[in-house]
Amino acid sequence: MRISQFFVATSREAPAEAELASHKLMLRAGLIKKLGAGLYTWMPLGLRVLRKVEAIVREEMDRAGAIELQMPAVQPAELWQESGRWEKFGPQMLRIKDRHERDFCFGPTHEEVISDIARRDIKSYRQLPVNFYQIQTKFRDEIRPRFGVMRAREFLMKDAYSFDASKAGLQNSYDAMYAAYAKIFTRLGLRFRAVSADTGAIGGSSSHEFHVLADSGEDAIAFCPASDYAANIELAEALAPAGERKPASAAMQQVATPGKKTCEDVAALLQIPLTQTVKAIALVANDKFHLLLLRGDHSLNEVKASKIAGLEVFRFATEQEIVAALDCEPGYIGPVTARAVDVIADRSVAAMSDFVCGANQPGYHLTGVNWGRDLPEPKLIADVRNVVEGDPSPDGKGSLSICRGIEVGHVFALGTKYSEAMNVVFLDEAGKSRLAEMGCYGIGVSRIVAAAIEQNHDDKGINWPQAIAPFDIAVIPIGYGRSEEVKRTAHRLHDELTAAGFAVLLDDRDERPGVMFADQELIGVPHRVVIGERGLKQGTLEYQARGAAQASPIGLQNALTELKSRLSPR
RNA sequence: CGGGGUGUAGCGCAGUCUGGUAGCGCAUCUGCUUUGGGAGCAGAGGGUCGGGAGUUCGAAUCUCUCCACCCCGACCA
């Protein structure tokens, strides 16, 4: 490809709205253009990358036995009403009406549609198992779209749905997808990790997320360096502290802590460790007030909290509700005099003695508080906090580390949730009607492009993994308009490399060298060869890999052979 | 949904407080020079200052209103 016949629109400065490295670089390199909040055009250069990712995903899905189809992006409301998700899905779903005032949505996902297809066409166990997939544009009306295509509203996703006759079959399908995902991300050249994930509101038996590891990732992952344990922080269990609770050694005392509303402030004022303090979080669920206790240095895990019976749908209490229930403003609330209130203690709080908490009197806290003596033992003890670095690993092998990741894939064993709701049944060997066991498997295709950049860039620009680079090699002639020999050599090399099956980008703009170098580095073409009069006189060209510190000369005579070997994987 | 911020040329910004005929850098176009790391000089084009209403002799600037975009946020123990 000659640049003059392609479209490369790079810029030196990124629009002010971009924060993340990948977002800035995608805009600067001209991969994407923003049309509106969370809406992006894939420019020709970006589209080449997107298509490469897509191709690898498709190949591995096919290889794993999945069958491609394509469902409509716009879906009738009826299907969603049938599954109950028309109401449940909430404002994330973009709802639209047609000219007859009939309700539709722009599909945020396709469980309903695929279930509808399956129930119409799958009648016998002989047709199972089957796994359908598509690579489709989805729309989710995110509260806050950001980071470019990383969290866009319109995005490209590969979603697959498996149907099996039995739980064991579902496990097979699930395992096959898990393996395919590992292959896909390996082929993409990304550093990733599969982690156990919460099965959340969808229900179902097991679930794994695939994360591309990057400090800028939105998700926290807990993993154990000493074992293969890895879980989304939402799921990672915080074990109860080992050993017996220490006996009380101090008397309960009320101390003045005016203006000190946070555990940090109180601990600083009293000169005690933060781990000695207890914070009380006021929650309301089903119109009932609850006080949830966490150690001062811990943070609430809302997913875990919502698994407690009665707290399935909770919210934080308003200041008015707190005052009404405890007769005290937030900042000084605590469990001791809150006898009429349901108290839920985190495991680590239940194991504390001589702790400090709010006194339910504005400007006062209590010190030396002890369970059983100063207040009743907690009615309910649960794991409701996020694990922190150094917590013991739930599998008992060492301690946890925390890293950040970008969720690019998710495999999910759904079971019969949708087959029940949508009546997806088939006849088994005995002629009996049975519910299909379903699984669903997503990959954020467009997000992968951004994630790959997060993981592979430097101060000059993108450094694509070979597998998804928009071009394999850039040919840069210096003095293109001045030297016939340079021009001729450049075109010959371009043609030969192209004939050898490589995607070649020839910079025939007759630009100054600095401009061409800077553009190639920004765009991130993994290899480049420079042709100049100087070198040609000595019969050499210059080769440089994108990440390499400097160029090395190669002989003009054997240039093609040499470049072929450098370009071929491994 | 709440709070904050921004909207001026394709991009990055100044000008707004203190009203008086719209500016800088990059990019674009023309010419000459230059040619191995985002060139130099000379010239040129491009903006109903987010939209609407109002105040005023006069509004990018003041007032009201609407819109778009960005950031932060459930609180906190």
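By convention in this document, chain letters (A, B, ...) are assigned in the order of the sequence lines, proteins followed by strands, and residues within each chain are numbered from 1.
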If you check every side-chain atom of T10(A), which of C1(B), G36(B), G38(B) has the closest atom?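 So the nucleotide nearest the side chain must be G38(B).
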Of the options C26(B), C70(B), C71(B), whose atoms approach the side-chain atoms of K34(A) most closely?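 Output: C70(B).
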Ignoring hydrogens and angles, answer whether the base of G36(B) and the side-chain atoms of R482(A) contain a donor-acceptor pair closer than 3.5 Å.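 Such a pair does not exist between side chain and base.
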Mind listing the N/O atom pairs, protein and nucleotides 2-12 of chain B, below 3.5 Å?
{"residue": "G12(B)", "atom": "OP1", "partner": "A16(A)", "partner atom": "N", "Å": "2.9"}
{"residue": "G12(B)", "atom": "O2'", "partner": "E13(A)", "partner atom": "OE2", "Å": "3.2"}

Tabulate protein N/O versus nucleotide N/O from nucleotides 29-31 of chain B, keeping only pairs under 3.5 Å, one per line.
none

Using atom [atom1] of each nucleotide, how far apart are [N] and [M] to the nearest Å?
N	M	atom1	value
C69(B)	C24(B)	P	31 Å
A44(B)	G3(B)	P	49 Å
G40(B)	A27(B)	P	8 Å

Stretch residues 365-380 of chain A: residues that reach within less than 4.0 Å of RNA chain B through a heavy atom: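 Hits under 4.0 Å, by residue number: none.
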Output the residues of residues 510-526 of chain A in contact with RNA chain B, where contact means a heavy atom of the residue under 4.0 Å from an atom of the strand; sort by number or write none.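 When residues 510-526 of chain A is checked for heavy atoms under 4.0 Å from RNA chain B, the hits, listed by number, are R512(A), P513(A), G514(A), V515(A), F517(A), A518(A), D519(A), E521(A).
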With a 3.5 Å cut-off and no angle check, do the side chains of N386(A) and N301(A) form a donor-acceptor pair?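 Yes, because at least one side-chain N or O of N386(A) sits under 3.5 Å from a partner of the opposite role on N301(A).
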Pairs under 3.5 angstrom only: tabulate donor-acceptor contacts from the side chains of residues 8-16 of chain A to other protein residues two or more places apart or in another chain.
{"residue": "T10(A)", "atom": "OG1", "partner": "D519(A)", "partner atom": "OD1", "Å": "2.7"}
{"residue": "S11(A)", "atom": "OG", "partner": "E13(A)", "partner atom": "O", "Å": "3.0"}

Using a 3.5 Å cut-off and no angle test, enumerate the donor-acceptor pairs between side-chain atoms of residues 528-535 of chain A and protein atoms at least two apart in sequence or in another chain.
{"residue": "R528(A)", "atom": "NH1", "partner": "E521(A)", "partner atom": "OE2", "Å": "3.2"}
{"residue": "R528(A)", "atom": "NH2", "partner": "Q544(A)", "partner atom": "OE1", "Å": "2.9"}
{"residue": "E533(A)", "atom": "OE1", "partner": "R482(A)", "partner atom": "NE", "Å": "2.9"}
{"residue": "E533(A)", "atom": "OE1", "partner": "R482(A)", "partner atom": "NH2", "Å": "2.9"}

Near-ring test Y480(A)/H491(A), centroid separation under 6.0 angstrom: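 Yes, ring centres under 6.0 Å apart.
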Taking for each residue the nucleotide of RNA chain B bearing the nearest heavy atom, is the 5' side occupied by I531(A) or by I333(A)?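 On the 5' side of the pair lies I531(A).
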More 5' along RNA chain B: R146(A) or A317(A), using each one's nearest nucleotide?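 By nearest-heavy-atom nucleotide position, the 5'-most residue is R146(A).
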Determine the minimum heavy-atom distance between G296(A) and K279(A), stating which atoms define it.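 Answer, listing the atom of G296(A) first, then K279(A): O-NZ, 3.5 Å.
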